[in-house]
2 protein chains.
Amino acid sequence: MPRKSSPVNIDPRVKRTRRLLRDALVSLILKKDFASITIREITERAEVAYITFYRHYESLDQLLMEVLDEGLAELMTHIETLAKQSDTSALETEGRLIFEYIEQKADLFRILLKSQSVTRVRRKVVRNISTVFQKSCVPLERLGNQTTIEIASNHIATSLLSLIEWWLENNMKPTPTEMGKVYKSMIIDSTVGAVSSLSAMKK
Amino acid sequence: MPRKSSPVNIDPRVKRTRRLLRDALVSLILKKDFASITIREITERAEVAYITFYRHYESLDQLLMEVLDEGLAELMTHIETLAKQSDTSALETEGRLIFEYIEQKADLFRILLKSQSVTRVRRKVVRNISTVFQKSCVPLERLGNQTTIEIASNHIATSLLSLIEWWLENNMKPTPTEMGKVYKSMIIDSTVGAVSSLSAMKK
DNA sequence: TCCTTTTTGTTATACTGTGTAACAGTATGT
DNA sequence: ACATACTGTTACACAGTATAACAAAAAGGA
C-alpha cells in the first residue's frame, strides 16, 4: 500500500490512480448492477494494472465507501446547514433546497441509492442524517423523551431517504418545489406533531 | 429440474430436498453475513449433494426469494386484514397487533431485514405493503390526487419497515403496545393529516 | 411384488474472479 | 543524476460457480 498516511506530500501518481479507480467505479455503477461489477473490470476501465487496485484498496467495498464518503459529506453539510435554520420561515424553503441540490447531483444520489445493496452503507447514511436532525432540530429537543427522539430522528432520516429514492425512480417528476412541500408536511411537520402528541400521552 | 408444475403429485423427495435447502439457508442467514454464504455451504448443511441445488433452483437469489415469499405472504395477509378495519377504534389496536405479530416471528423478520442487502427484495416488500395501503386505506383514497396517494402509501410502507428494523435492532425494547402508539401517531395519523393538508393546498 | 420412472449421489471438468508474488520498467522530488 | 516510490507484466494458487455422465436409490403404479 502506498503511503497515504504521510502528512502533506501525496505522490501525484497515487492521486491519479485513486481518482481513476473512483471514476471507473462510478461510471460502472451508473451502467450496471453493482453486484456484477468485478475488480478486473474497474481496473480495465481505469486503464490501470489489475494488481494496482490492491495496492490502494483492500476490497471493493472500501473503494465504494471512499466514493460515497465524498458525496455523502457534501449532502450532510448541506442538510446540516439547513436543519440549523429551523424557524418556520426557513422550513418553507428547506425542502425545496434539498431537492434542488439532489437534482443537481442526481448521478451521485443514484449511486448512493443503488449501493444500498450494501446494507452497511445505507445504515451509515441513515445514522448520519439521524444524528444531524437529533442535534440540530430544535422542536425535537424540546419535546419528548430520549426514546421518542431517537425513533423520530430515525424516522425522519429513513423517510427522507425513501422519498429521495422514490423521486429518483420517478425520474424527478414532481418539481423540487412540490417535493419540498411534501417533505415539510409529510416528514417534518408530521413527525414534530407526532412527537408532541406522544409526549403529551405520557404526562 | 424436477417437475414442480405437476398438478397435485409432488414427489416426497422433492418436497424434502426443497425444505432442507430452505431450512439450511434460514439457519445460515441467522448466523452469518448473507454475502458470505455459498451454495456449497447450504448443501452441506442440508446434507444434500451440491448439484442437487441446481436441480431445484437457478440461483441463490431464487432460493432466498422462495424463503422470503413464504414469510412475507403471512405478513401481508396480516397487515391487509388489519388495514381493512380502518375505523378509528380499530386503528388504536392495529399497531399493537402488528408488533406483537413481529415479536412472535422475530427470526423471520431479522432474515427479511438482513436480506435487504439484496435491494430487489426490499423493493418488492415495499411495493407490496404500499399497494395494500393504497387499496385498503380509506382516508387515502378520499383525499388527495394520484401522485400524493402514491407518495403517501410509499411513505407508509418504507416508514413501517424502518420502524420494524429500528425495533429489532434495539432488541424489541419498547413494548408492542408502545410501538403501536408510535406507529399510529407517527406513521398513519401523520400521513393522513399530511395528505389532507397537501390536497387542501392545491384547491 | 416387480418394473418403470424420477430423483439423488458421486466424480470430473471448464470457467470466472480473487488475491499474492517476483521482477522489470517508469515517474517523482531533491 | 540519483535513490525512492509507484506502476505494469506475467505467473500462479485458490475458491466458488455451473454443467455433464453415469451409478445408486427411492417413489408409485401394474
Side-chain angles (χ1 to χ4, degrees), chain A residues 1-29 31-67 115 117-118 120, chain B residues 1-25 27-29 31-67 115 117-118 120-121:
Chain A
M1 300 277 282
R3 48 174 67 193
K4 62 174 175 182
S5 58
S6 69
V8 203
N9 310 329
I10 302 161
D11 197 307
R13 290 170 291 183
V14 174
K15 276 186 70 177
R16 178 179 177 276
T17 301
R18 295 179 108 101
R19 180 176 51 75
L20 288 173
L21 287 172
R22 284 197 304 266
D23 292 352
L25 177 58
V26 168
S27 68
L28 282 173
I29 290 179
K31 283 177 188 162
K32 294 185 55 177
D33 178 32
F34 177 75
S36 71
I37 294 175
T38 67
I39 292 173
R40 203 154 248 128
E41 207 171 5
I42 294 171
T43 55
E44 278 171 11
R45 178 170 285 259
E47 290 179 316
V48 148
Y50 174 70
I51 198 181
T52 303
F53 177 91
Y54 291 98
R55 289 184 173 129
H56 295 273
Y57 303 99
E58 285 181 353
S59 63
L60 187 59
D61 276 24
Q62 197 180 325
L63 174 57
L64 178 66
M65 282 291 186
E66 191 172 296
V67 167
S115 64
S117 51
V118 185
R120 278 160 303 166
Chain B
M1 300 276 281
R3 50 173 65 191
K4 62 174 174 182
S5 58
S6 68
V8 202
N9 310 328
I10 302 159
D11 197 308
R13 288 169 293 182
V14 174
K15 277 185 69 177
R16 179 179 175 275
T17 301
R18 295 178 108 101
R19 181 177 50 77
L20 287 173
L21 287 172
R22 283 197 304 266
D23 292 352
L25 177 58
S27 69
L28 282 173
I29 289 178
K31 282 177 190 163
K32 293 185 58 178
D33 177 33
F34 177 75
S36 70
I37 295 175
T38 67
I39 291 174
R40 200 153 251 128
E41 206 171 4
I42 294 171
T43 55
E44 276 171 11
R45 179 170 284 258
E47 290 179 317
V48 148
Y50 175 69
I51 199 182
T52 302
F53 177 91
Y54 291 98
R55 289 181 173 132
H56 296 274
Y57 304 98
E58 285 181 355
S59 64
L60 189 59
D61 275 25
Q62 197 179 324
L63 174 58
L64 178 67
M65 283 291 185
E66 192 172 295
V67 167
S115 63
S117 51
V118 185
R120 278 159 302 167
V121 176

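All chains are named by letter (A, B, ...) in the order of the sequence lines, taking the proteins before the strands, and each is independently numbered beginning at 1.
Counting all heavy atoms, side chain and backbone alike, A/A24 lies closest to A/R45 at O-CD, 3.8 Å.
Atom CZ in A/F53 sits roughly 11 Å away from atom P in C/dT20 (whole-Å rounding). The CG atom of A/L20 sits 12 Å away from the C1' atom of D/dT7 (whole-angstrom rounding). Summarising the geometry, the separation between CD on B/E58 and C1' on D/dT19 is reported as 14 Å, rounded to the nearest angstrom. One interatomic measurement links the two molecules: CD of A/E41 to C1' of C/dT18, which rounds to 14 Å at whole-angstrom precision. Atom C1' of nucleotide C/dG17 and atom CD1 of A/I42 are separated by 12 Å, given to the nearest angstrom. In this structure, the CG atom of A/L63 is 16 Å from the C1' atom of C/dG19, given to the nearest Å. Put simply, CD on A/Q62 is 14 Å from C1' on C/dG19, counting in whole angstrom units. To the nearest angstrom, P of C/dT7 lies 14 Å from OH of B/Y57.
Taking the side chain as every heavy atom from C-beta outward, B/L25 and B/I29 approach each other to under 4.5 Å. Residues A/Y50 and A/E44 fail the side-chain proximity criterion, which asks for heavy atoms closer than 4.5 Å. Side chains of B/V14 and B/H56 form a contact here, defined as non-hydrogen atoms less than 4.5 Å apart. B/L63 is listed as a side-chain neighbour of B/F53, based on a closest heavy-atom distance under 4.5 Å. The side-chain heavy atoms of A/Q62 and A/M65, taken from C-beta on, include no pair separated by under 4.5 Å. You'll find the side chain of B/L21 reaches within 4.5 Å of the side chain of B/T43, heavy atoms only.
Each end of the helix from C/dT1-D/dA30 to C/dT30-D/dA1 yields a helix axis from five base pairs, and these two axes differ in direction by 30° (to the nearest 10 degrees).
Partners of B/T38 under the side chain to side chain donor-acceptor pair (under 3.5 Å) rule, at least two apart in sequence or in another chain, do not exist in this structure. Applying the side chain to side chain donor-acceptor pair (under 3.5 Å) test to A/R55 and every residue at least two apart in sequence or in another chain returns nothing. Every side chain to side chain donor-acceptor pair (under 3.5 Å) that A/E41 has, sequence neighbours left out, goes to A/K32.
Proximity of B/H56 to the phosphate of C/dT8: a side-chain N or O atom is located under 4.0 Å from OP1 or OP2. Look at B/T17 and you won't find any side-chain N or O under 4.0 angstrom from OP1 or OP2 of C/dT7.
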Verdict with reasoning, B/Y57 to B/I39, per side chain to side chain contact (heavy atoms under 4.5 Å, CB included):
CA-CA 11 Å; B/Y57 304 98; B/I39 291 174; over 6 Å; no
For nucleotides 24-30 of chain D, print each protein N/O atom paired with a nucleotide N/O atom at under 3.5 Å, atom names and distance only.
from, atom 1, to, atom 2, distance (Å)
D/dA26, N3, B/R13, NH1, 2.9
D/dA27, O4', B/R13, NH2, 3.4

Please enumerate all protein N or O atoms sitting under 3.5 Å from an N or O of nucleotides 9-16 of chain C, with distances to 0.1 Å.
from, atom 1, to, atom 2, distance (Å)
C/dG9, OP2, B/A49, N, 2.9
C/dG9, OP2, B/T52, OG1, 2.8
C/dG9, N7, B/R55, NH1, 3.1
C/dG9, O6, B/R55, NH2, 2.7

